[in-house]
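Note that these values count all heavy atoms, side chains included, but never hydrogens, waters or copies made by symmetry.
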Amino acid sequence: MNTTKLRLLYVPLIVFLLLSLSFGSSAPLAQTAIAHAAGDPATATKKLVMGTSPDYPPYESVDAKSNGEIVGMDIDIAKTIANELGYELEIAGMDFSGLIAALQTGRVDFVMSGMSVTEERKKSVEFSDGYYTARNTIVSRKTQAYETVEQLSGKLVGTQLGSTQDQYAATIEGAKLKQLNKIADLIQELNSGRIDAAIVEDAVAIEMVRANPDLTMNFVPASEEDNGYAIAFPKQTELVDDFNRVLAQMKDNGELQKIIDKWFEDKEDATAKGAGFLNIDFRVLNGYVPYILKGIYVTLLFTLVSALLGLIWGTILSLFKISGIRPLQWFATAYTSVFRGTPLLVQLTIIYYATPQLFNFDIPALLAAGLAFGLNSAAYLSETIRGGIMAVDKGQREAAIALGVPYRKMMVRIIFPQALRHILPALVNEFVALLKESSLVSVIGVTELMRRADVVRASTFRAFEALLLVAAIYYVLVLVLTSLARMLERRLRRSD
């Protein structure tokens, strides 16, 4: 590979480095020691990383109206324990279904996210003593309310994937389950009539009913097997005893109850305060719009980096394919086959979760997303670019060779400009696809547009308003991108 190609590869790598410095790691490796005074171990403060799914108010949610921090009952309890033990606390937000995996791969030191103790989870993680016991609740539409568990037989019941309510619903005789990642998704499915009822925790159910007047709730009788919510740790950790000791102190001195009362005051009044499902009311977004708009920067930055990496690496792969060197051709063909033959979401999660485990490098979420999308895009672009190069008249090459033009200069000055005219529409389509598919990175906690919309949905328990706003933003961004592409295409035509 020549020096020019190597220099081109430095560009996305430098951008990735800047991303890492700008956004930091979403979850540094477990129990990292950081020094406040360089070179002075005596002043070092140990850091603990807490994993949580911030879409479960009042336990954890994003304070989108002010500073965008994750707040809630679990957060306050964790801060109190960390402070008592002399740790600095860092909070990493992600989907609930990915919390156990984050523990097992060392991305987080412990998990607090309204997680109940179950025998199945005990096989994978260690649990602290319980700190709160909630009640399962049936939420259904007022027009077809369900008051008892027995009435759910033969009905389609929604649950949050991986939650205790999900496991409880599986024991309801005759009930069919629909498992979703987020509570906000359950509300949407329930309001639209796609599910008959949802099983959620009591405090969350109260907020759902408050924000959606067409819904009603009924408590499920308490079970003796309910162990309540506890803190989850990786196996063979030394933190469980320390956390249990501080939890016991907080129970004895009343500090734990004060935190619970702070977040659960007035929760028993489930008076509806929202608009009906059929009435779209954008007033629910008051105070949230600036938070959503900040996601535009992350979305565009991610798209730019992914497109840049995809274009450069795709060009190199295309050159490999037409090089006539068998090993390079085999490599490029195999690469394209693998990345086009496996789902992008699988590639994203593998890079994000496997990198710390295999290479002991805590890759930031945004960096993992840029790599996954860029490498995937390169597989498609390599075929597009190869087709564009092959579409250039062979006489151009023959004339350049006859005139003694060096190969590199011929490709850069003669072949590539002509190929670009042929493949420009396909390149624009690929970049538009990257922009729209950026919503996938929300699953690993990157706070782009879709992730921020999910945060607002979790806070307001309303789905349409935030999603419509984000859809409009994506549409405007795509229009701007296609307009710029048309301007470039007209300019290239004039230069013929």
So, do [X] and [Y] sit near enough that their side-chain heavy atoms are less than 4.5 Å apart?
X: Ser61; Y: Val71; answer: yes
X: Val455; Y: Tyr288; answer: no
X: Met208; Y: Val204; answer: yes
X: Lys176; Y: Leu156; answer: yes
X: Leu89; Y: Phe110; answer: yes
X: Asp196; Y: Val157; answer: no
X: Met94; Y: Leu99; answer: yes
X: Val49; Y: Arg107; answer: no

Do you know which two heavy atoms are closest between [X] and [Y], and how far apart they sit?
X: Ser140; Y: Ala197; value: CB-CB, 4.2 Å
X: Pro54; Y: Gly93; value: CD-CA, 3.9 Å
X: Leu348; Y: Ala372; value: CA-CB, 3.8 Å
X: Glu60; Y: Met112; value: OE1-O, 3.4 Å
X: Ser377; Y: Leu434; value: OG-CD1, 4.0 Å
X: Phe302; Y: Gly370; value: CE1-N, 3.7 Å

Is Glu448 paired with Arg451 through a side-chain N to carboxylate O contact shorter than 4.0 Å?
->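 No, this pair does not count.
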
Salt bridge between Asp109 and Lys47, side-chain N to carboxylate O under 4.0 Å?
-> no

Taking it one step at a time, do Ser192 and Arg194 satisfy side-chain hydrogen bond (donor to acceptor under 3.5 Å, both in side chains)?
-> CA-CA 6 Å; Ser192 61; Arg194 294 192 183 98; 3.2 Å; yes

Would the distance check show the side chain of [X] and the main-chain N or O of [Y] forming a donor-acceptor pair, the cut-off being under 3.5 Å?
X: Lys178; Y: Ala198; answer: no
X: Ser337; Y: Ala334; answer: no
X: Arg340; Y: Tyr380; answer: no
X: Glu465; Y: Leu285; answer: no
X: Thr216; Y: Ala145; answer: no
X: Thr333; Y: Trp330; answer: no
X: Thr355; Y: Tyr352; answer: no
X: Ser438; Y: Thr299; answer: no

Could you grab the distance from atom [atom1] of [X] to atom [atom2] of [Y], nearest 0.5 Å is fine?
X: Leu344; Y: Thr349; atom1: CG; atom2: OG1; result: 9.5 Å
X: Phe320; Y: Thr315; atom1: CZ; atom2: OG1; result: 11.5 Å
X: Thr52; Y: Ile75; atom1: OG1; atom2: CD1; result: 5.0 Å
X: Leu467; Y: Met450; atom1: CG; atom2: CE; result: 5.0 Å
X: Asn212; Y: Leu190; atom1: CG; atom2: CG; result: 8.5 Å
X: Ile312; Y: Leu381; atom1: CD1; atom2: CG; result: 11.5 Å

Criterion side chain to side chain contact (heavy atoms under 4.5 Å, CB included) on Ser382 and Tyr335, from CA distance to verdict | CA-CA 10 Å; Ser382 65; Tyr335 179 96; over 6 Å; no

Evaluate the ring planes of Tyr59 and Tyr56, with Trp represented by its six-membered ring, and classify them as parallel (under 30°), tilted (30 to 60°) or perpendicular (over 60°).
-> parallel

Check Asp185, Asp166, Thr159 against Gln179 for a side chain to side chain donor-acceptor pair (under 3.5 Å) and give me the one that passes.
-> Asp166

Yes or no on side chain to side chain contact (heavy atoms under 4.5 Å, CB included) for Ile292 and Ile473, after CA distance, side-chain angles and deciding distance?
-> CA-CA 10 Å; Ile292 293 177; Ile473 294 173; 4.1 Å; yes

Please test Asp454 against Arg457 for salt bridge (charged side-chain N to carboxylate O under 4.0 Å, His left out), starting from the C-alpha separation and ending with a verdict.
-> CA-CA 5 Å; Asp454 286 339; Arg457 291 166 61 199; 2.8 Å; yes

Could you walk me through whether Leu311 and Ile385 pass the side chain to side chain contact (heavy atoms under 4.5 Å, CB included) test, one step at a time?
-> CA-CA 9 Å; Leu311 183 60; Ile385 296 170; 4.1 Å; yes

Going through the checks in order, is the side chain to side chain contact (heavy atoms under 4.5 Å, CB included) test met by Val428 and Phe431?
-> CA-CA 5 Å; Val428 173; Phe431 296 158; 5.6 Å; no

